[in-house]
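Taking it in order: structure first as structure tokens, then the write-up.
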Amino acid sequence: MDNKHRAMLAYLAQYPELNAFLHFNTVTDREGSVGMQTVSNDEWESQDITGHGVKRYDFAILYMAPQDSGTSGVNVDQMERAERFMKWLRAQEEARNYPAFEGCEVQSIDVLQDIPNLASVNAAGNVAKYMFQCRVRYYE
């Protein structure tokens with residue numbers, strides 16, 4: 001694919017537990033909504049005199065999950081569910097299964113956090129947004 005955004009959406013859509021439409025640069029506040037959000041960065045990691053080098057494509061996964069303001073295990077269960085997505089991405093790195101960036105050689109895909117962040121809770125207090133960031137390194 002010549003469009004890295006489309007390539008990332010196609011790649012992430014392979015996640016077996018993705019039971020919803022994968023949004024791009026948006027996510028609804030409904031339970032179960034999942035989105036991929038681009039993260040701005042300094043695109044070049046290194047560049048040689050020919051104009052080629054290693055670039056970065058950073059993104060975040062946003063996962064909307066039930067939230068409990070009480071003491072039940074709901075929040076723990078949802079954190080574990082988000083962590084499974086992280087674990088799947090790490091397994092893809094280990095297997096060297098990368099997104100198809102046309103004209104580029106993908107070198108790695110890394111999860112940049114050890115656990116997801118609780119990014120926010122909706123106004124009603126019943127849906128939480130979990131988020132974690134990742135980086136694809138590729139030679140272009």
Side-chain angles (χ1 to χ4, degrees):
M1 291 184 155
D2 62 351
N3 183 300
K4 290 175 182 60
H5 307 304
R6 290 187 194 284
M8 283 308 305
L9 281 173
Y11 176 77
L12 294 169
Q14 298 174 52
Y15 177 54
E17 290 188 43
L18 186 65
N19 298 322
F21 176 78
L22 182 61
H23 297 268
F24 181 78
N25 278 346
T26 188
V27 68
T28 68
D29 69 349
R30 288 193 317 260
E31 177 184 322
S33 182
V34 180
M36 179 205 140
Q37 180 174 327
T38 55
V39 176
S40 62
N41 63 30
D42 184 16
E43 180 178 39
W44 286 101
E45 193 168 289
S46 63
Q47 189 176 20
D48 61 28
I49 60 172
T50 67
H52 297 284
V54 177
K55 287 185 170 183
R56 295 188 296 251
Y57 183 98
D58 291 356
F59 65 96
I61 297 295
L62 310 172
Y63 166 63
M64 305 302 286
Q67 167 73 16
D68 182 10
S69 61
T71 57
S72 76
V74 169
N75 299 344
V76 172
D77 293 343
Q78 298 313 319
M79 177 68 85
E80 288 174 350
R81 186 171 177 197
E83 287 174 328
R84 285 196 302 270
F85 203 152
M86 296 170 76
K87 184 178 180 179
W88 179 81
L89 283 163
R90 288 185 179 111
Q92 302 317 296
E93 167 58 30
E94 189 174 308
R96 302 190 57 80
N97 177 27
Y98 298 134
F101 284 11
E102 188 173 302
C104 303
E105 179 188 330
V106 175
Q107 297 180 331
S108 65
I109 184 164
D110 299 303
V111 177
L112 301 177
Q113 299 175 224
D114 59 343
I115 60 172
N117 292 342
L118 175 60
S120 64
V121 177
N122 70 351
N126 63 347
V127 179
K129 180 192 299 179
Y130 291 91
M131 178 181 80
F132 62 90
Q133 294 189 20
C134 302
R135 171 172 292 148
V136 176
R137 295 176 67 247
Y138 61 97
Y139 183 83
E140 181 175 85

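Along the sequence shown, residues are numbered consecutively beginning with 1. The analysis underlying the following values was restricted to heavy atoms, covering all of them including side chains, and did not include hydrogens, waters or symmetry mates.
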Other cluster members, Met64 - Ile/Leu/Val/Met/Phe/Trp/Tyr, side-chain contacts below 4.5 Å
Val27, Leu62, Val127, Met131
Between Phe24 and Leu22, is there a side-chain heavy-atom distance shorter than 4.5 Å?
no
CG-CH2 distance between Leu12 and Trp88, expressed to the nearest 0.5 angstrom
6.0 Å
Anything under 30° is parallel, anything over 60° is perpendicular, the rest tilted; go ahead and classify Phe101 against Tyr57.
perpendicular
Would you call Glu80 and Val76 a side-chain contact if the rule is heavy atoms closer than 4.5 Å?
yes
With side chain to side chain contact (heavy atoms under 4.5 Å, CB included) as the criterion, how do Phe85 and Glu17 come out once you've worked through the C-alpha distance, each side chain's angles and the decisive distance to 0.1 Å?
CA-CA 8 Å; Phe85 203 152; Glu17 290 188 43; over 6 Å; no
Below 4.5 Å, heavy atoms only, C-beta onward: do Arg84 and Tyr15 meet side chain to side chain?
yes
Hydrophobic clusters join Ile, Leu, Val, Met, Phe, Trp and Tyr when side-chain heavy atoms are under 4.5 Å apart, directly or via other members; which others share one with Val54?
Tyr139
Roughly how far apart are Cys134 SG and Gln113 CD, rounded to 0.5 Å?
8.0 Å
Please walk me through it: do Tyr63 and Leu18 pass side chain to side chain contact (heavy atoms under 4.5 Å, CB included)?
CA-CA 10 Å; Tyr63 166 63; Leu18 186 65; over 6 Å; no
Spell out, yes or no, whether Met8 and Val39 are grouped together once hydrophobic residues are joined by side-chain heavy atoms under 4.5 Å, including indirect joins.
no
State, yes or no, whether a side-chain contact exists between Ile109 and Phe59 at a heavy-atom distance under 4.5 Å.
yes
Is the closest side-chain heavy-atom distance between His5 and Asn25 below 4.5 Å?
no
Beyond-backbone contact of Tyr98 with Gln107, side-chain heavy atoms, under 4.5 angstrom
no
List in chain and number order the residues that pass ring pair (Phe, Tyr, Trp, His ring centres under 6.0 Å) with His23, two or more places apart in sequence or in another chain; answer none if no residue qualifies.
Phe21
About how many Å separate CD of Glu93 and CZ of Arg137, when rounded to the nearest 0.5 Å?
9.5 Å
So how far is it from Asn117 CG to Lys129 NZ, rounded to the nearest 0.5 Å?
11.5 Å
Side-chain contact test, heavy atoms from C-beta onward, threshold under 4.5 Å: evaluate it for Gln67 versus Val74 and give yes or no.
no
Is any side-chain heavy atom of Cys104 closer than 4.5 Å to a side-chain heavy atom of Lys4?
yes
